[in-house]
Engineer: 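Supplied in structure tokens, the structure appears directly below.
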There are 2 protein chains.
Amino acid sequence: MTDHSKLTRNQSLVVSALRESDAPLSAYMILDRLREDGFRAPLQVYRALDKLIERGLVHRLESLNAFVACRHDHSHGHSHGHQGGVVAFAICEDCGSVAEIDDPTINARLMALATDRHFKTEKTTIEMRGHCSACAGESHTPQA
Amino acid sequence: MTDHSKLTRNQSLVVSALRESDAPLSAYMILDRLREDGFRAPLQVYRALDKLIERGLVHRLESLNAFVACRHDHSHGHSHGHQGGVVAFAICEDCGSVAEIDDPTINARLMALATDRHFKTEKTTIEMRGHCSACAGESHTPQA
DNA sequence: TTCTTGTCGGTAATGTTATTACATTATTGT
DNA sequence: ACAATAATGTAATAACATTACCGACAAGAA
Ligand SMILES: [Zn+2]
Ligand SMILES: [Zn+2]
Ligand SMILES: [Zn+2]
Ligand SMILES: [Zn+2]
């Protein structure tokens, strides 16, 4: 069912920039990284991002105003992960790593809660901010 | 445990503006509504919002870049609702109404998922965007 | 082919959201 | 009074996002 047509040049450049980054990028960071490739204006980035998000290749992190490449398999045209319907993100404040968590339980519970209230959900955002396993052990006392 | 000292003038004005609104307000909308009360600059709003959020009197809606007054009871110093630890918001795209949903199940599940990954959660955002019961029945056919 | 339609792209300007920097005033504790 | 802390005022700037307008190009219909 997924639209399987090829990405445009701008879309490829943007998704590549995100894939090569180990942390989320803001639209303007992406723009800066693509200057050499001919990008001049924010709109070039935002237009590409819109399409990529539409296809599920990129996620927007609302609490960061930034974007990440989806880590799920998109190689074959259909079923690009996210079975649960909602994805939760665990975002590390220290290193910027982002984990995608696909959990049917939470999805089901949210759907139930929405149904109870006769709320028709179009889109759900779940973002946990904190410290990943790699960073959690470090010395976080402000003064060394 | 809650700090029970009085709100400052600016903080009172900001929280009142939010309470009087039936939809979330952006910082700049709040600023506009408080011009007559002497507000001149965004920072006055943001500083008050920071304190109000710290106290749990106001919530920030990340997917909207806007703010709402908390609907829970804050009249007595302690225990200002939000027992579940996380609050989910159901935000109507049509009328702007915001419902706060306090659900221990989701909180527990998210904590479990975080623990599994040794992720130390500091703050969690859950926002459902959609249509509330009042608006869901309306004619949503674009042309009418 | 020619015409239309739709998608994509380039550019500029503008709109919206949030912060930094610095000076001042009010409050609180001693 | 004095020092320390919190709150405020103002200006400037940074960061994020959209609108408007125009041109290029491909696909499909006449
Ligand atoms: Zn994904
Ligand atoms: Zn980390
Ligand atoms: Zn609340
Ligand atoms: Zn509604």
Side-chain angles (χ1 to χ4, degrees), chain A residues 2-18 21 23-55 57-68 91 93 96 123 125 127 129, chain B residues 2-18 21 23-55 57-68 91 93 96 123 125 127 129:
Chain A
T2 313
D3 183 354
H4 206 240
S5 57
K6 251 182 71 61
L7 295 177
T8 67
R9 170 178 159 81
N10 285 3
Q11 289 161 16
S12 296
L13 286 167
V14 168
V15 78
S16 296
L18 288 172
S21 171
L25 297 177
S26 75
Y28 280 76
M29 288 172 177
I30 295 170
L31 175 58
D32 284 340
R33 296 188 182 202
L34 296 180
R35 297 260 183 216
E36 329 177 312
D37 297 290
F39 274 51
R40 315 282 320 253
L43 196 47
Q44 295 176 283
V45 178
Y46 283 111
R47 285 204 273 229
L49 285 171
D50 284 347
K51 294 299 178 185
L52 292 166
I53 289 168
E54 232 174 75
R55 290 181 177 225
L57 291 173
V58 166
H59 299 294
R60 177 186 172 87
L61 300 175
E62 300 287 355
S63 70
L64 244 42
N65 292 333
F67 306 84
V68 285
I91 304 165
E93 309 269 55
K123 187 178 186 317
T125 297
E127 296 175 16
R129 305 280 298 270
Chain B
T2 313
D3 183 353
H4 205 242
S5 57
K6 253 183 72 60
L7 295 177
T8 67
R9 170 179 160 80
N10 284 3
Q11 289 161 15
S12 296
L13 286 167
V14 167
V15 77
S16 295
L18 287 172
S21 171
L25 297 177
S26 75
Y28 280 77
M29 288 172 179
I30 294 170
L31 175 56
D32 284 341
R33 296 187 183 204
L34 296 179
R35 297 262 184 215
E36 338 177 300
D37 298 290
F39 274 52
R40 318 277 323 239
L43 197 49
Q44 295 176 283
V45 178
Y46 283 110
R47 286 204 273 230
L49 285 171
D50 284 347
K51 294 299 179 184
L52 292 166
I53 290 168
E54 227 174 80
R55 290 178 178 229
L57 291 172
V58 165
H59 298 293
R60 176 187 172 87
L61 300 175
E62 300 287 355
S63 69
L64 242 42
N65 292 332
F67 306 85
V68 285
I91 304 165
E93 310 269 57
K123 187 179 185 316
T125 298
E127 296 176 16
R129 306 279 297 269

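Chain A is the first sequence line, chain B the second, and so forth, proteins listed ahead of strands; every chain is numbered from 1. Computed from a predicted structure; not experimentally measured.
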Engineer: Restricting to side-chain contact (heavy atoms from CB on, under 4.5 Å), what partner residues turn up for B:T8, sequence neighbours left out?
Structural biologist: B:N10, B:Q11
Engineer: Calculate, to the nearest 0.5 Å, the distance between atoms CD1 and NZ belonging to A:I91 and B:K123 respectively.
Structural biologist: 11.0 Å
Engineer: Taking 4.0 Å as the cut-off, does a side-chain nitrogen or oxygen of A:Q44 come that near to OP1 or OP2 on C:dG9?
Structural biologist: no
Engineer: Over the length of the helix from C:dT1-D:dA30 to C:dT30-D:dA1, how much do the five-pair end axes diverge, rounded to 10 degrees?
Structural biologist: 30°
Engineer: Considering only heavy atoms of chain A and a distance under 4.0 Å, specify the first and last nucleotide of DNA chain D in 5' to 3' order that meet this criterion.
Structural biologist: D:dC16 to D:dA20
Engineer: Quick test: give all pairs of protein nitrogen or oxygen and nucleotides 18-24 of chain C nitrogen or oxygen below 3.5 Å, distance rounded to 0.1 Å.
Structural biologist:
{"residue": "C:dA18", "atom": "OP1", "partner": "B:R60", "partner atom": "NH1", "Å": "3.1"}
{"residue": "C:dA18", "atom": "OP1", "partner": "B:R60", "partner atom": "NH2", "Å": "2.3"}
{"residue": "C:dA18", "atom": "OP2", "partner": "B:Y46", "partner atom": "OH", "Å": "3.0"}
{"residue": "C:dA18", "atom": "O5'", "partner": "B:Y46", "partner atom": "OH", "Å": "3.4"}
{"residue": "C:dA18", "atom": "N7", "partner": "B:Y28", "partner atom": "OH", "Å": "2.6"}
{"residue": "C:dA18", "atom": "N6", "partner": "B:Y28", "partner atom": "OH", "Å": "3.0"}

Engineer: I'd like to check the side-chain hydrogen bond (donor to acceptor under 3.5 Å, both in side chains) partners of B:N65; sequence neighbours left out, ordered by chain and number.
Structural biologist: B:R60
Engineer: Give, for atom OG of A:S16 and atom CD1 of A:I30, the distance between the pair rounded to the nearest 0.5 Å.
Structural biologist: 11.0 Å
Engineer: How would you list, by chain and number, every residue that makes a salt bridge (Lys or Arg N to Asp or Glu O under 4.0 Å) with A:R129, sequence neighbours excluded?
Structural biologist: A:E93
Engineer: Just to verify, what does B:D32 make a salt bridge (Lys or Arg N to Asp or Glu O under 4.0 Å) with, not counting sequence neighbours?
Structural biologist: B:R35
Engineer: Take A:R55 and A:S5 through the test side-chain hydrogen bond (donor to acceptor under 3.5 Å, both in side chains) and record every step on the way to the result.
Structural biologist: CA-CA 10 Å; A:R55 290 181 177 225; A:S5 57; 3.1 Å; yes
Engineer: Can you tell me how far CG of B:L57 sits from CG of B:L18, rounded to the nearest 0.5 angstrom?
Structural biologist: 10.5 Å
Engineer: Please determine, by modelled atom types, if A:S63 and A:E127 share a side-chain donor-acceptor pair under 3.5 angstrom.
Structural biologist: yes
Engineer: Among all residues two or more places apart in sequence or in another chain, which pass the side-chain contact (heavy atoms from CB on, under 4.5 Å) test with B:D37?
Structural biologist: B:R9, B:L13, B:L34
Engineer: Going by side-chain contact (heavy atoms from CB on, under 4.5 Å), name the residues that satisfy it together with B:S26, two or more places apart in sequence or in a different chain.
Structural biologist: B:Y28, B:M29
Engineer: Among all residues two or more places apart in sequence or in another chain, which pass the side-chain contact (heavy atoms from CB on, under 4.5 Å) test with B:R40?
Structural biologist: B:Q44
Engineer: What protein N or O atoms touch nucleotides 6-8 of chain C N or O atoms at under 3.5 angstrom, if any, and at what distances?
Structural biologist:
{"residue": "C:dC8", "atom": "OP2", "partner": "A:K51", "partner atom": "NZ", "Å": "3.3"}

